[in-house]
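The structure under discussion appears below in the form of structure tokens.
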Number of protein chains: 2
Amino acid sequence: MRQLPPLNALRTFEASARNGSFAAAGKELFVTASAVSHQIKTLEDYLGVQLFSRSGRTVELTPAGQQYLVSVKHALNEIEVATHRLTASKETNVVQISVAPNFLTRWLMPRMSRFREMFPDIELQINASVGLLDFNQSSTDMAVYYGGGEWDDIEVFFLQKVLLVPVCSPKLLESGHPLQVPGDLRHHTLIYVSTRMWEWESWFQVAGSEYITPKDSLQLSSSQLTTAAAQESLGVALADLTLTSREISSGNLVVPFDIPLDTRKAFYLVHQKNRPLTVAMKAFKEWLITEIQASDVYGAEHSGSLPGTGR
Amino acid sequence: MRQLPPLNALRTFEASARNGSFAAAGKELFVTASAVSHQIKTLEDYLGVQLFSRSGRTVELTPAGQQYLVSVKHALNEIEVATHRLTASKETNVVQISVAPNFLTRWLMPRMSRFREMFPDIELQINASVGLLDFNQSSTDMAVYYGGGEWDDIEVFFLQKVLLVPVCSPKLLESGHPLQVPGDLRHHTLIYVSTRMWEWESWFQVAGSEYITPKDSLQLSSSQLTTAAAQESLGVALADLTLTSREISSGNLVVPFDIPLDTRKAFYLVHQKNRPLTVAMKAFKEWLITEIQASDVYGAEHSGSLPGTGR
DNA sequence: GAGAGTGCTGAGAAAAATTCATGGTAAGTA
DNA sequence: TACTTACCATGAATTTTTCTCAGCACTCTC
């Protein structure tokens, strides 16, 4: 037994707030401004709370109205997305994916042409984004997440562990101080991802060395940038071996110490729970998993604790 | 410009699905079964999708209907919660909090009486829960989370770092193999939290010791249980020093090696973003933060990297 | 200070939701 | 098998809700 406000009035409320005007909202909803005014009044009477403050010919959301709007917008958006998903043809060839930036540029992009060869009919609409997304609020179909694999209310498929090794440009290795033991890093610039400052410290632990104070340090906001900086001879960064394998085999990057730090994080393919996948979505998912197994540098080389598939 | 289905029909749809019957839904909504039938039909015509399969005198959700129901329920629930929050008196003395179990039993519970002394008017409704919760879907006002402090769309306040030390019962130490160096743990049972198996391995790294294979091992599902198991002389567990300080000072637990493992996780107080707090919520929040600073065992003793306040 | 733009209000008109009457189907029961 | 009951569908009638219209008020702009 629910206790809900007049729902149509909510639609009017949201449109009015969005447009900042009853008249404009009326235009959007194909009704007169008067109808909008009536609706808002009905809602305000029901709630017993003033949602808009009127002064002359302008209206403005009250603080209460603003707070309420956030939830109303969110809820209506969810309804809109769900309705669209239900209505839309089950057999579209378009797959919308959201991908962790580093994985996108260093892994997916280089292999896109292979995918398009295999599935010329499927159109991938790709979006780079860090962090989680709400599948109930977005038309995105699938995503590649970076993290611990512990996420609620979504289907999670393990793709690839992230093990970090130090990387630098070959030029740095020639011209600078030699790197024979981890401690030699004290004479170099260490490049940090600013949100993951501890990674170097952990790496030294694994390498069985004291944490050293580097000659210099550089903080960048993403692993994409730190790897690029290492390539530009700005210092030594920690990078995932698989993702940088092209740069390594081409000689743009070298690995001074083949000591991997297991971050216990990984890349995962995720999508909404209990959602029937389209043929295109299935194709992409299976291609991704197959392709990743073929490209995975670790697996055989460094056997670590087995990563779960995320609950 | 939104594209929304008839919203009132959604309410009817949700009630019908929940009740598993149009007649029952009608009763709930104070209308006839016929009205419900009409509404559902309108919705199905709009969507172009069958939501219920009718066979004789029974109705059942189709797969499409089930999928749609999830979102509709979610959205209506959000509206209900938001509406209730808006309508409810701003000045209630009730605060609903959800707390990580270990923190609840070992920290908050023992201090509850102090809170009630200071604020006899405020009623705390406490709920133990692991994992995140959606403040838009729940009437919970605040929560104590355990984790890395990186959560989106909520206000986060740092409370206390979690640093783990080995703990066991004094009896175990007397009767069993002595514990002089970390390696001696090989002769004991190690107690693991099953979802955080790596913690012992990391601790050995910090302790500067090889990871040993214990004589025996025990897996339990929460740190609450592992601590209890250690107390029962079942083995050696990793526990937070602050949370177990009572057991330690009372002699029920001892710390064989005062080597803390920084898990980079912590307890945080969180609540909805942009939400005006009630007087009672503010009181609890401030009490909690003050009290925690007074009780924090670390801080002075082990200076580690400073924990952020979580964006 | 006239005109345009916006919002409010109340009464009537239009639209939507509900009921009512009727008919169909399946399951339980004598 | 026939009867009863519980449930849902449908179309027409009715009630309720929503919308429009017309008149008024306010204020910003020129």
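Note that the structure is predicted; figures quoted are calculated from it, not measured. Here is the naming used below: chain letters follow the sequence lines, and residue numbers restart at 1 for every chain.
- The distance between atom CZ of A/Phe52 and atom P of C/dC8, rounded to the nearest whole Å, is 10 Å.
- Note on A/Ser21: only backbone sugar-phosphate atoms sit closer than 4.0 angstrom, heavy atoms only; bases stay farther off.
- Rounded to an integer number of Å, the gap from CG of B/Leu7 to P of C/dA17 is 11 Å.
- Judged by distance alone, the side chains of B/Gln272 and B/Asn136 do bring a donor and an acceptor atom under 3.5 Å apart.
- Rounding to whole angstrom units, CD1 of residue A/Ile40 and C1' of D/dT18 are separated by 14 Å.
- Whole-Å rounding puts the B/Lys27 NZ to D/dC7 P distance at 7 Å.
- The separation between A/Leu43 atom CG and D/dC19 atom P is 13 Å, rounded to whole Å.
- Of the two residues contacting DNA chain D, namely A/Ser55 and A/Ala33, the nearest-nucleotide position lying further toward the 5' end is that of A/Ala33.
- The separation between A/Leu29 atom CG and D/dT18 atom P is 14 Å, rounded to whole Å.
- For the pair B/Arg54 and D/dC7, the criterion of a side-chain N or O lying under 4.0 Å from OP1 or OP2 is not met.
- As judged by a 4.0 angstrom heavy-atom cut-off over every strand, B/Ala23 is placed among residues touching the sugar-phosphate backbone only.
- The structure places NE2 of A/His84 at 15.5 Å from CD1 of A/Ile79, a figure rounded to the nearest 0.5 Å.
- Taking only side-chain nitrogens and oxygens, B/Thr58 never comes nearer than 4.0 Å to OP1 or OP2 of D/dC7.
- One can place CZ of B/Phe22 at 13 Å from C1' of D/dT10, the figure rounded to the nearest angstrom.
- No side-chain donor-acceptor contact under 3.5 Å links A/Ser138 to the backbone of A/Phe135.
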Exercise for review: Could you walk me through whether A/Arg2 and B/Glu80 pass salt bridge (charged side-chain N to carboxylate O under 4.0 Å, His left out), step by step?
Suggested key: CA-CA 7 Å; A/Arg2 291 188 175 278; B/Glu80 195 174 24; 2.8 Å; yes

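- In this structure, of D/dC8, C/dG7, C/dC20, it is D/dC8 that holds the atom nearest to the side chain of B/Val59.
- When the side-chain nitrogen and oxygen atoms of A/Gln39 are compared with OP1 and OP2 of D/dC19, one or more of them lie within a distance under 4.0 Å.
- Taking atom CG of B/Asn8 as the reference point, atom C1' of D/dT17 lies 10 Å away to the nearest angstrom.
- A/Tyr146 and A/Phe267 have their aromatic ring centers within a separation under 6.0 angstrom.
- Put simply, B/Thr32 has a side-chain N or O that comes within less than 4.0 Å of OP1 or OP2 on C/dT19.
- Contact annotation: B/Ser37 side-chain N/O to D/dC8 OP1/OP2 distance is not under 4.0 Å.
- Residue B/His38 places its side chain closer to D/dG11 than to any other of D/dT20, D/dC8, D/dG11.
- Distance from the side chain of B/Ser34 is smallest to D/dT10 among D/dT10, C/dC8, C/dT9.
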